[in-house]
2 protein chains.
Amino acid sequence: MRSTDQIMHKAAWLYYMHGLRQDEVAKQLNISRASIATYLRRAREIGIVNISTSTQLFSDDVLARKLEDALSLETVWIVPEDRLAIDPAAEMPVVAAAVFLELINKGDRVGVAWGRTVYHLADVMPYADLQGVTVVQLCGNLGAPYNYRPDQCTTEIARRLNAEGINLYAPLVLSSERLASDLRNEPVIREQLASIADCQLVLYSVGGIESDSHLVRCGALTPEEMQALGEGGAGGVIAGQVIDHEGRWLDCPHNRRCISADLEIIKTIPKRMMVVEEDSKFQPLVAAIKGGFVSHLVVTHSMAMRLLARWEAEAPKRG
Amino acid sequence: MRSTDQIMHKAAWLYYMHGLRQDEVAKQLNISRASIATYLRRAREIGIVNISTSTQLFSDDVLARKLEDALSLETVWIVPEDRLAIDPAAEMPVVAAAVFLELINKGDRVGVAWGRTVYHLADVMPYADLQGVTVVQLCGNLGAPYNYRPDQCTTEIARRLNAEGINLYAPLVLSSERLASDLRNEPVIREQLASIADCQLVLYSVGGIESDSHLVRCGALTPEEMQALGEGGAGGVIAGQVIDHEGRWLDCPHNRRCISADLEIIKTIPKRMMVVEEDSKFQPLVAAIKGGFVSHLVVTHSMAMRLLARWEAEAPKRG
DNA sequence: ATAGGTCTTTGACTTTTGTCAGCGTTCGTG
DNA sequence: CACGAACGCTGACAAAAGTCAAAGACCTAT
């Protein structure tokens with residue numbers, strides 16, 4: 001422990017736990033108050049001091065309760081789109097990050113997938129001191145037409161949480177099924193994919209299957225391939241893999257060429273946290289829920305309404 | 001959720017998660033900044049907002065590492081007696097409370113015993129929002145020569161943590177062994193005592209066996225009885241029950257008349273957190289450690305030195 | 001209806017905290 | 001050994017947060 005770390009710890013302790021004022025702390029430690037202020041800021045940034053807010057505000061909603069009941073979900077958080085936040089679009093990742101933090105327990109292993117949504121979340125993730133937690137990458141890497149790659153998401157989240165990050169050093173898609181299969185059997189890769197089963201929590205969003213969807217933009221699939229998949233029954237994308245409208249793994253060339261977490265294993269993870277930002281993801285989300293990929297859900301108010309309407313339409317008057 | 005709670009939540013969210021200033025929050029919610037300040041204070045008090053500091057400062061100590069190795073303990077926290085804190089005596093409970101909070105996991109059941117030390121700890125326990133946690137009382141109640149009773153400790157801790165508190169509605173000592181036995185078999189009591197086995201964490205201190213010890217002062221034992229126990233091999237007191245110098249339950253009238261957690265069950269609880277404030281508790285602490293009642297220990301620097309010396313003397317040069 | 005109580009809210013004021021340029025120290029490097 | 005870069009510390013000022021008395025809202029019981 002560096003001497004300045006020691007001072008930072010002491011300052012944080014006296015200030016936050018004993019409730020001393022900054023000048024009192026300064027006198028105690030014989031340095032200027034200005035320095036104390038600096039140390040305290042650093043302590044907050046590093047995660048030595050942890051400030052968290054209950055996300056109850058978002059889960060405490062009649063609509064959330066109804067959704068949980070109707071779709072058999074563990075907990076639902078609803079992000080209002082009206083006032084409250086300065087920028088409604090920026091609210092979702094912040095809520096999701098807080099929820100994610102709340103769902104992590106000490107010593108947990110958590111898996112994170114990849115996508116714009118997950119990246120946004122990583123970007124606003126608060127700093128915390130979760131030593132003992134391990135963050136594992138769920139899917140292989142992909143070149144970056146945007147400036148974020150799967151491994152960067154994992155790394156950034158782990159860094160902010162002071163947790164251990166484990167990256168998956170393999171491409172998301174390979175050019176041949178044979179090579180993908182061989183690589184999956186490579187001990188290093190195989191072990192890591194298997195270790196995903198030990199996760200207590202996974203975090204992902206669901207991808208769409210339009211011809212301008214994320215996978216297409218990143219070059220994993222051509223627009224034509226994606227269109228073909230759509231016609232062949234694709235309903236959405238989970239951790240880089242295509243699922244059908246019922247949430248089942250689709251037996252298609254893309255999936256067979258893919259290096260990513262086994263979807264059947266993912267379903268057995270106790271907490272499956274899904275975050276959906278865009279309203280256009282409605283159909284894919286329905287597929288993901290049907291497939292059992294969701295136990296904890298963060299969505300907008302309007303998406304929540306649509307989901308509820310859909311489920312009520314499907315199973316009318318049972319009570 | 002009351003409307004004022006709603007506002008409090010929103011204010012806390014905007015201030016702590018979005019990092020808005022109080023005046024910005026005020027504008028956002030259309031109330032005065034002064035009100036925001038009040039709401040924020042309440043949110044902190046109630047535990048909606050949680051500010052915690054790593055206790056690493058106290059466990060990150062060479063001496064702590066040595067103690068852990070020598071006594072086979074999970075983690076040791078050492079509270080320095082020199083400068084740092086305004087009042088060294090007040091430091092111990094604050095550290096202990098922070099450690100206690102750190103050891104609790106979501107959904108845990110935690111047992112708390114009783115004594116001056118535990119009371120001090122309850123007194124400085126920070127507020128938190130640990131819904132789903134259950135705090136159970138480990139030992140029966142005793143009249144209060146001081147102004148704190150076992151059930152008050154449990155209740156206060158549960159209140160501050162926003163946790164559920166379960167009290168043990170029975171006296172700590174009865175006048176006859178027969179009655180104690182009957183009462184222990186009473187379903188309500190029996191179930192509660194049995195449920196202690198489900199705890200993931202217990203918190204206690206160790207009592208001394210002097211003729212002015214806690215049990216004597218509270219009237220559970222006469223000074224003569226205590227003296228006799230001391231001559232009969234008593235080494236300390238855990239959760240109201242007397243143990244011998246090796247930490248074994250002592251078969252004596254007092255123990256047989258006692259309504260409290262089964263010591264054998266306590267030993268099976270994964271995290272057994274012991275806090276010792278007074279240096280005079282050295283011998284009882286040694287007994288408790290030998291008995292296996294301690295996995296996590298919070299002590300003063302001088303006590304740590306004495307413990308280490310003792311263990312090194314007992315098992316000389318093995319490496 | 002109204003008097004009396006409690007709980008909120010607020011404006012004005014005080015105290016505490018954040019910031020930053022400038023100075024001093026340390027450390028690695030040429 | 002001298003030089004410069006990087007970092008830590010500080011004082012002084014600006015910004016933000018805390019506090020409190022007083023006013024207002026709201027409820028309840030007479």
Side-chain angles (χ1 to χ4, degrees), chain A residues 1-54 56-57 60 83-87 94 124 126-128 159 162, chain B residues 1-54 56-57 60 83-87 90 94 124 126-128 159-160 162:
Chain A
M1 187 185 260
R2 293 213 325 280
S3 133
T4 116
D5 282 10
Q6 182 82 8
I7 295 179
M8 186 172 60
H9 266 96
K10 286 187 185 177
W13 181 261
L14 292 172
Y15 186 77
Y16 287 106
M17 299 310 280
H18 280 275
L20 301 197
R21 273 176 285 115
Q22 294 189 355
D23 54 346
E24 296 179 296
V25 177
K27 209 170 66 183
Q28 195 75 209
L29 300 182
N30 272 314
I31 44 183
S32 78
R33 198 194 54 71
S35 296
I36 297 296
T38 308
Y39 281 126
L40 291 179
R41 181 164 40 70
R42 287 224 311 248
R44 285 189 300 265
E45 283 169 4
I46 293 180
I48 286 174
V49 171
N50 217 14
I51 302 183
S52 64
T53 309
S54 157
Q56 208 190 348
L57 174 58
D60 209 10
R83 38 159 210 109
L84 185 54
I86 286 90
D87 176 9
V94 177
V124 297
Y127 289 82
R159 187 180 75 81
N162 256 302
Chain B
M1 189 185 256
R2 294 209 327 276
S3 130
T4 122
D5 282 11
Q6 182 82 9
I7 295 178
M8 186 171 62
H9 267 96
K10 286 188 186 178
W13 180 261
L14 291 172
Y15 187 78
Y16 287 107
M17 300 309 282
H18 280 276
L20 301 198
R21 276 179 281 112
Q22 293 189 354
D23 54 345
E24 296 179 297
V25 177
K27 208 171 65 184
Q28 193 77 208
L29 301 181
N30 271 316
I31 47 183
S32 78
R33 200 192 53 73
S35 296
I36 297 296
T38 309
Y39 281 125
L40 291 178
R41 182 163 38 69
R42 286 224 311 251
R44 284 189 300 265
E45 283 169 5
I46 293 179
I48 286 174
V49 171
N50 216 13
I51 302 184
S52 64
T53 310
S54 155
Q56 208 191 351
L57 176 59
D60 209 11
R83 67 230 135 79
L84 184 55
I86 284 94
D87 177 8
V94 178
V124 297
Y127 290 82
R159 187 180 73 81
R160 299 222 187 178
N162 256 304

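Being a predicted model, the structure only gives us computed values, none of them experimental. Below, each value reflects all heavy atoms present in this structure, side chains not excepted, and no hydrogens, waters or symmetry copies.
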Whole angstrom is fine here: how far is it from [atom1] in [X] over to [atom2] in [N]?
X	N	atom1	atom2	answer
B:L29	C:dT9	CG	C1'	14 Å
B:K27	D:dA17	NZ	P	14 Å
A:D23	C:dT14	CG	C1'	14 Å
A:R21	C:dT17	CZ	P	7 Å
A:L20	C:dT15	CG	P	19 Å
B:R41	C:dT9	CZ	P	13 Å
A:L40	C:dT19	CG	C1'	14 Å

Worksheet item: Under 4.0 Å: is that the gap between some side-chain N or O of B:R44 and OP1 or OP2 of D:dG18?
Response: yes
Worksheet item: If only side-chain N and O atoms of A:Q22 are considered, is one of them under 4.0 Å from the OP1 or OP2 phosphate oxygen of C:dG18?
Response: yes
Fill in: Stepwise side-chain hydrogen bond (donor to acceptor under 3.5 Å, both in side chains) check, A:S32 with A:S35
CA-CA 5 Å; A:S32 78; A:S35 296; 3.2 Å; yes
Heavy atoms, side chains only, cut-off 4.5 Å: are [X] and [Y] in contact?
X	Y	result
B:H9	A:S54	yes
B:I51	A:V49	yes
A:M17	B:P126	yes

Item to complete: Tell me which nucleotide among C:dT8, D:dG8, D:dG18 gets nearest to the side chain of A:R42.
Response: D:dG8
Identify the pairs formed between an N or O of the protein and an N or O of nucleotides 9-11 of chain D at a distance under 3.5 Å, and give each distance.
{"from": "D:dC9", "atom 1": "OP1", "to": "A:Y39", "atom 2": "OH", "distance (Å)": "3.4"}
{"from": "D:dC9", "atom 1": "OP2", "to": "A:Y39", "atom 2": "OH", "distance (Å)": "2.4"}
{"from": "D:dT10", "atom 1": "OP2", "to": "A:S32", "atom 2": "N", "distance (Å)": "2.4"}
{"from": "D:dT10", "atom 1": "OP2", "to": "A:S32", "atom 2": "OG", "distance (Å)": "3.1"}

Item to complete: Output yes when a side-chain donor or acceptor of A:N162 lies under 3.5 Å from a complementary backbone atom of A:I46, and no otherwise.
Response: yes
Worksheet, complete the sentence: Rounded to the nearest 0.5 angstrom, the CD-OH distance for A:Q22 and A:Y15 is 5.0 Å
